[in-house]
Undergrad: 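Here it is, the structure, as structure tokens.
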Number of protein chains: 2
Amino acid sequence: MKKTTIKDIAKLAGVSKATVSRVLNGSKYVSPEAYNRVMKVIEKTGYKPSSIARSLVNKKTKVIGVLITDISNPFYSELVKGIVEVANVYDYNILLCNSFNEFKKEVEFLEILSNKEVDGIIFMTKGVTDEHRNFLRSFKKPVVTVNRKVKEFKIPNVDIDNFKAGYDATEHLIKLNHKRIAIIRAAETDETAGVERFEGYKKALDDYKVPFDNRLVMEGDFKAKSGYKAMEKFLRLENPPTAVFCVNDEMACGVIKCVVENGLNVPEDVSVVGFDDIPLASLFIPSLTTIKQPIYDMGAVAMRLVYKLIKGEKIDKEDYILPHKLVIRQSTKKRN
Amino acid sequence: MKKTTIKDIAKLAGVSKATVSRVLNGSKYVSPEAYNRVMKVIEKTGYKPSSIARSLVNKKTKVIGVLITDISNPFYSELVKGIVEVANVYDYNILLCNSFNEFKKEVEFLEILSNKEVDGIIFMTKGVTDEHRNFLRSFKKPVVTVNRKVKEFKIPNVDIDNFKAGYDATEHLIKLNHKRIAIIRAAETDETAGVERFEGYKKALDDYKVPFDNRLVMEGDFKAKSGYKAMEKFLRLENPPTAVFCVNDEMACGVIKCVVENGLNVPEDVSVVGFDDIPLASLFIPSLTTIKQPIYDMGAVAMRLVYKLIKGEKIDKEDYILPHKLVIRQSTKKRN
DNA sequence: TTGTATGCGTTATCAC
DNA sequence: GTGATAACGCATACAA
């Protein structure tokens, strides 16, 4: 039993394929009688037109490619949630690619998305290599990035003001009277926003005349364990920090875990600030003071942007900076 | 500038479309000279065949539809990760549908996946209504479920032994000398595995002659907040539980949060067992004693199953039960 | 308003 | 080995 096609419908309804196609696409040039006959047959057979065939002629797939590094990372899963919800509103579906943090796979996936003829791409890659740029040069459909500015390309990027956010987090700690404020930042090689957050941190220290100490800077990989390990080293310092700013929440949890397992307390002995405000942040004990990123909204905005671009609307600006917010919870406290 | 097609390659290489197609598909009936000429042109132009057109003739899209309720739920994001990793190995891509826990959307998405002509579907829906069944009756391609047995259909289901797991968790608490063991279970209307876990709980109580008390049973929605609220009620009991078994980790964290905020301690005053072993479980303070589900593997196995089915291999059994494991951490303790 | 014919970019079936 | 040519399922320009 083959799948029913437009041809079958036409035959059953006693009209031509063209007419069926017309009712399918809501053309007004079709008589009520023909319309009804066709509709009846469609209902009876449960016929649904093949979107493959449609795509071939329309050059549109109604699919958006989404490329991320790790779907099991709460930040990305929340982002994807924002993307899919808006995509569904516009009748688009999501082809999900998970690069597992490998540059090579990222470029491969971009190629695949291109071959699959997705109507647009949203990506948050590990970084942007020349190969990424080569791809983008030849890819003619809408692309939007989140959290990653691709220099020299006028690709819209959805982000927050990471510099300011890093500044805000640090300033919060400074105002709580902390003098030795450590930071667990992103790797220097990481083209991620973590770097700008570090710049904000330095600026805040500078503005408030808090001396910058290189020993209070460690790199992390955004996983809890790296926060834990960094904190272990901080604690071994002859003069350990009384506050730690982590450029994401998971590392902050790792830091707290380390502090607690070393017989100290958060926030009594060490104040900790995270970044992102993933669900875990408010659930953790102590709950995390953190910089809230509107993650879901960022996904939603990105999706709306690709949609607009697909519809041919002009996008006036390249940077879509969403508001962040310092959320003060239990992990930070005034130092005596 | 139009996209280069097989026709262009043929012209540039001075051969026919058929020959180009042959080199593309690795046919051996093509002379080395022709092969080289074609390959050279392909390289130079960076030509990639349209998978849309291919799909139309092959009736294969190399896409698997994945339907879940909530990608931001760590359980599902980990599961999806397992799915995509294996899918990539087999050169398949994932069309992700997020039902946001609405029955109606679930069925809609199934229809969409069908129209998009995905080669197979993996789904973990909220439940299975008659409409789901109707769809499955007419859908002729491979379907695999995770964590949800569709009765009366011989659809492979990947799962753990939820009854046994619920038993194990409860037994652990009983052996720690707890007599008043509460459970936060899934709603009775929920067709989810949470129900079987409850059965396991009851059986364990029965086997060990621990009296079952209906007041120690609450329903949760798998979110932390519902665990928190349930625990509030338990604490108001004249004779509160000394141990709580939650059918997922997030509710367990909510329970602990509630206990702590009421001036009590975990595990000293109340022991708590979770379920799933999501990353949060080991990170939490205190770290969670929980039933570890091999979530990633479940995704991987499900994907391998659809792949086999697509390849026409016969699947001998319907139930793929993966091993679970009781992981004892800090949230449970012997009662004096 | 309707039907015919053509094309979308491939693969597959033929002859040659 | 290779090249026409007919599908695949749909949309659409053109005729009628």
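Quick caveat: nothing in here was measured; it's all calculated off a predicted structure. Letters A, B, ... mirror the listed sequences (proteins, then strands); counts begin at 1.
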Undergrad: Which part of the nucleic acid, if any, lies within contact of Tyr35(A), taking any heavy atom under 4.0 Å across all strands shown: a base, the sugar-phosphate backbone alone, or nothing?
TA: nothing

Undergrad: Give me the one residue out of Glu117(A), Glu108(A), Glu111(A) that meets salt bridge (Lys or Arg N to Asp or Glu O under 4.0 Å) with Lys48(B).
TA: Glu111(A)

Undergrad: Taking CG from Asp8(B) and C1' from dC8(C), how many angstroms apart are they, rounded to a whole number?
TA: 13 Å

Undergrad: Donor-acceptor pair, distance only, cut-off 3.5 Å: does the side chain of Lys17(B) make one with the backbone of Ile9(B)?
TA: no

Undergrad: Around atom CD of Glu131(B), are there more than 12 heavy atoms from other residues, nucleotides or ligands closer than 6.0 Å?
TA: no

Undergrad: Are the side chain of Asp8(A) and the backbone of Thr5(A) linked by a donor-acceptor contact shorter than 3.5 Å?
TA: yes

Undergrad: If you compare all heavy atoms of Lys116(B) against all heavy atoms of Thr61(B), which two are closest, and at what distance to 0.1 Å?
TA: O-CG2, 3.9 Å

Undergrad: Do the side-chain N or O atoms of Tyr29(B) get closer than 4.0 angstrom to the phosphate oxygens (OP1, OP2) of dT13(C)?
TA: no

Undergrad: Is any side-chain nitrogen or oxygen of Asn58(A) closer than 4.0 Å to OP1 or OP2 of dC8(C)?
TA: no

Undergrad: So for atom NZ, which belongs to Lys149(B), do other residues, nucleotides or ligands contribute more than 12 heavy atoms lying within a distance under 6.0 Å?
TA: yes

Undergrad: Answer with base, sugar-phosphate or nothing: what part of the nucleic acid does Val57(A) contact at a heavy-atom distance below 4.0 Å?
TA: base

Undergrad: Please tell me which of Thr5(A) and Arg22(A) maps to the more 5' nucleotide of DNA chain D, matching each residue to the nucleotide holding its nearest heavy atom.
TA: Thr5(A)

Undergrad: In whole angstrom, give the distance that lies between atom CD1 of Ile52(B) and atom C1' of dC8(C).
TA: 11 Å

Undergrad: With a 4.0 Å limit, can you tell me whether Ser51(B) has a side-chain N or O closer than that to the phosphate oxygens OP1/OP2 of dT10(C)?
TA: no

Undergrad: Calculate the interatomic distance between Lys59(B) atom NZ and dA12(C) atom P; express it in whole Å.
TA: 12 Å

Undergrad: Report the distance from atom NZ of Lys11(A) to atom P of dG3(C), rounded to the nearest whole Å.
TA: 15 Å

Undergrad: Starting at atom CG of Leu56(B), determine the distance to atom C1' of dA12(C), rounded to an integer number of angstrom.
TA: 13 Å

Undergrad: To the nearest Å, how far apart are Lys28(A) NZ and dT2(C) P?
TA: 15 Å

Undergrad: Using atom CG of Asn115(A) as one end and atom P of dG9(C) as the other, report the distance to the nearest whole Å.
TA: 14 Å

Undergrad: For Asn25(B) and dG9(C), what is the distance between atoms CG and C1' respectively, to the nearest whole Å?
TA: 13 Å

Undergrad: Quick check for you: among dG9(C), dT11(C), dT2(C), whose closest atom lies nearest to any side-chain atom of Leu24(B)?
TA: dT11(C)

Undergrad: Within the pair Ser50(B) and dG9(C), is there a side-chain N or O less than 4.0 Å away from OP1 or OP2?
TA: no

Undergrad: For a quick test of reading the model, state the closest non-hydrogen atom pair linking Ser77(A) to Ser77(B) and the distance between them.
TA: CB-CB, 4.1 Å

Undergrad: Earliest and latest nucleotide of DNA chain D, 5' to 3', sitting under 4.0 Å from a non-hydrogen atom of chain B?
TA: dG1(D) to dG9(D)

Undergrad: Does dT2(C) have OP1 or OP2 sitting under 4.0 Å from an N or O in the side chain of Lys17(A)?
TA: no

Undergrad: Please work out if Val15(A) contacts a base, only the sugar-phosphate, or nothing of the nucleic acid, heavy-atom cut-off 4.0 Å.
TA: sugar-phosphate

Undergrad: Here's a test of your reading of the structure: between Ala53(B) and Gly14(B), which maps to the more 5' nucleotide of DNA chain D?
TA: Gly14(B)

Undergrad: What is the distance from atom OG1 of Thr145(A) to atom CD1 of Ile121(A), rounded to the nearest 0.5 Å?
TA: 12.0 Å

